Each structure stands twice: as C-alpha cells, then as structure tokens.
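What follows is one structure encoded as structure tokens, with my remarks underneath.
Predicted, not measured: the structure shown is a model, and the values here were computed from it.
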Amino acid sequence: MLQPKRIKHRKVHVGNIPAKATRGATLSFGNFGVRAMESKMITSRQIESARRTMTRFIQRGGKIWIRIFPDKPMTSKPPEVGMGGGAGALKEFVAVVSAGRILFEMDGVTEATAREAFRLAGYKLPIKTKFIKR
C-alpha cells in the first residue's frame with residue numbers, strides 16, 4: 001500500500017477539504033482518466049483496491065497512473081476508551097481529494113476497456129467518479 005517513507009509530524013490536525021480542486025484537474029499522462037465528483041478523504045487501502053481492480057481487468061495491457069498519494073496520517077482511539085487523553089495511535093494514511101481532481105489515468109487500451117476498468121474501480125472508492133477522455 002502507498003504511504004510516505006517518512007513524515008515530519010506523526011499526528012496532524014484533521015483540517016478541512018477544499019470544495020473544488022485547483023490543481024490536478026486535467027489529464028497529464030494518459031488519454032483516459034477518472035475524475036472525483038465529490039470531496040472526501042480516500043485511504044491507501046481504497047486506492048490500492050481500485051488499482052488492483054483496474055490492473056486485473058486490463059490484464060496488464062495498458063499503463064495506469066495514480067494521480068493521488070496518501071500522505072496525511074489519520075489517528076484513531078481504540079474501542080471502548082473514554083474521552084480525553086489526546087489523539088489516538090496512527091491508524092492509516094489518507095489522500096485528501098477535492099471535487100474535480102483526477103484520480104487515475106490510463107493509456108494503451110481502447111476506450112471501452114478503459115471505461116469498464118474505471119467503472120469497476122469506482123465501486124471500490126467512497127466517492128462518485130466520472131470517466132473523462134482527452
């Protein structure tokens with residue numbers, strides 16, 4: 001799974017998610033892509049699950065680019081622990097995704113194959129997505 005090699009701070013504030021993406025909103029590498037239609041945090045497990053689904057469907061035929069990276073640490077307290085005592089232990093890394101951001105790009109396959117691969121990958125993600133082409 002994707003995660004940073006090292007981080008400056010082990011625990012960070014949750015923060016807020018910008019409503020609309022200002023960067024990473026256009027295709028840069030491939031001819032086909034999938035765009036986020038909602039703003040949300042996506043975990044490294046969800047990104048990896050979507051990547052595996054696409055790779056399996058295209059049978060390693062084309063090239064896939066992952067345009068998001070989970071670099072924000074999220075913490076969680078254990079179950080049945082009372083309030084207080086500060087933030088919990090590090091649980092996972094998430095990518096903060098704004099609406100309009102390109103999540104994945106693909107090239108070297110037909111449009112129908114890319115569309116179906118992105119449709120299957122979209123089921124693994126917690127947000128609505130949209131297929132786009134150059």
To the closest 0.5 Å, what do you measure between [atom1] ([X]) and [atom2] ([Y])?
{"X": "R119", "Y": "F57", "atom1": "CZ", "atom2": "CZ", "answer": "8.0 Å"}
{"X": "S44", "Y": "D71", "atom1": "OG", "atom2": "CG", "answer": "11.0 Å"}
{"X": "L2", "Y": "Q46", "atom1": "CG", "atom2": "CD", "answer": "12.5 Å"}
{"X": "I127", "Y": "T129", "atom1": "CD1", "atom2": "OG1", "answer": "7.0 Å"}

Would you mind reporting whether [Y] and [X] have side-chain heavy atoms less than 4.5 Å apart?
{"X": "I42", "Y": "L125", "result": "yes"}
{"X": "E92", "Y": "V94", "result": "yes"}
{"X": "T43", "Y": "F93", "result": "no"}

Crowded around [X] [atom1]? As in, over 12 foreign heavy atoms under 6.0 Å?
{"X": "K124", "atom1": "NZ", "result": "no"}
{"X": "R45", "atom1": "CZ", "result": "no"}
{"X": "K128", "atom1": "NZ", "result": "no"}
{"X": "R10", "atom1": "CZ", "result": "no"}

| task | Take L120 and M54, measure what side chain to side chain contact (heavy atoms under 4.5 Å, CB included) needs, and give me the verdict at the end. | result | CA-CA 7 Å; L120 294 171; M54 288 186 294; over 6 Å; no

| request: Verify side chain to side chain contact (heavy atoms under 4.5 Å, CB included) between Y123 and T53, making sure each step is shown before the conclusion. | output: CA-CA 10 Å; Y123 292 137; T53 303; over 6 Å; no

| task | Given side chain to side chain contact (heavy atoms under 4.5 Å, CB included), test T55 with R52 step by step and report yes or no. | result | CA-CA 5 Å; T55 305; R52 283 185 181 182; 5.8 Å; no

| message | Please enumerate all residues that pass ring pair (Phe, Tyr, Trp, His ring centres under 6.0 Å) together with F32, with sequence neighbours excluded. | response |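 Counting only residues at least two positions away or on another chain, F32 forms a ring pair (Phe, Tyr, Trp, His ring centres under 6.0 Å) with F131.
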
Extract all donor-acceptor atom pairs below 3.5 Å that involve side chains of residues 96-106 and protein atoms in other chains or at least two apart in sequence.
unit_1: S98; atom_1: OG; unit_2: P18; atom_2: O; d: 3.3
unit_1: R101; atom_1: NH2; unit_2: R67; atom_2: O; d: 2.9
unit_1: E105; atom_1: OE1; unit_2: S28; atom_2: N; d: 3.3
unit_1: E105; atom_1: OE1; unit_2: F29; atom_2: N; d: 2.7
unit_1: E105; atom_1: OE1; unit_2: G30; atom_2: N; d: 2.7
unit_1: E105; atom_1: OE2; unit_2: S28; atom_2: N; d: 3.0
unit_1: E105; atom_1: OE2; unit_2: R67; atom_2: NH1; d: 2.3

| message | The test is side chain to side chain contact (heavy atoms under 4.5 Å, CB included); show your working for I58 and I64 and say whether it passes. | response | CA-CA 10 Å; I58 65 171; I64 296 173; 3.8 Å; yes

| request: Specify the closest pair of heavy atoms between I47 and P70, including all atoms of both residues, with the distance to one decimal. | output: CD1-CD, 4.0 Å

| task | Determine, using the 4.5 Å side-chain heavy-atom cutoff (strictly less than), whether F118 and I66 are members of one ILVMFWY cluster. | result | yes

Treating [X] as the side-chain partner and [Y] as the backbone partner, does any N or O pair qualify as donor plus acceptor under 3.5 Å?
{"X": "K40", "Y": "I17", "answer": "no"}
{"X": "S39", "Y": "A19", "answer": "yes"}
{"X": "K72", "Y": "V14", "answer": "yes"}

| query | Taking NZ, NE, NH1 and NH2 as the nitrogens, is one of them in E48 or R51 under 4.0 Å from a carboxylate oxygen of the other? | reply | yes

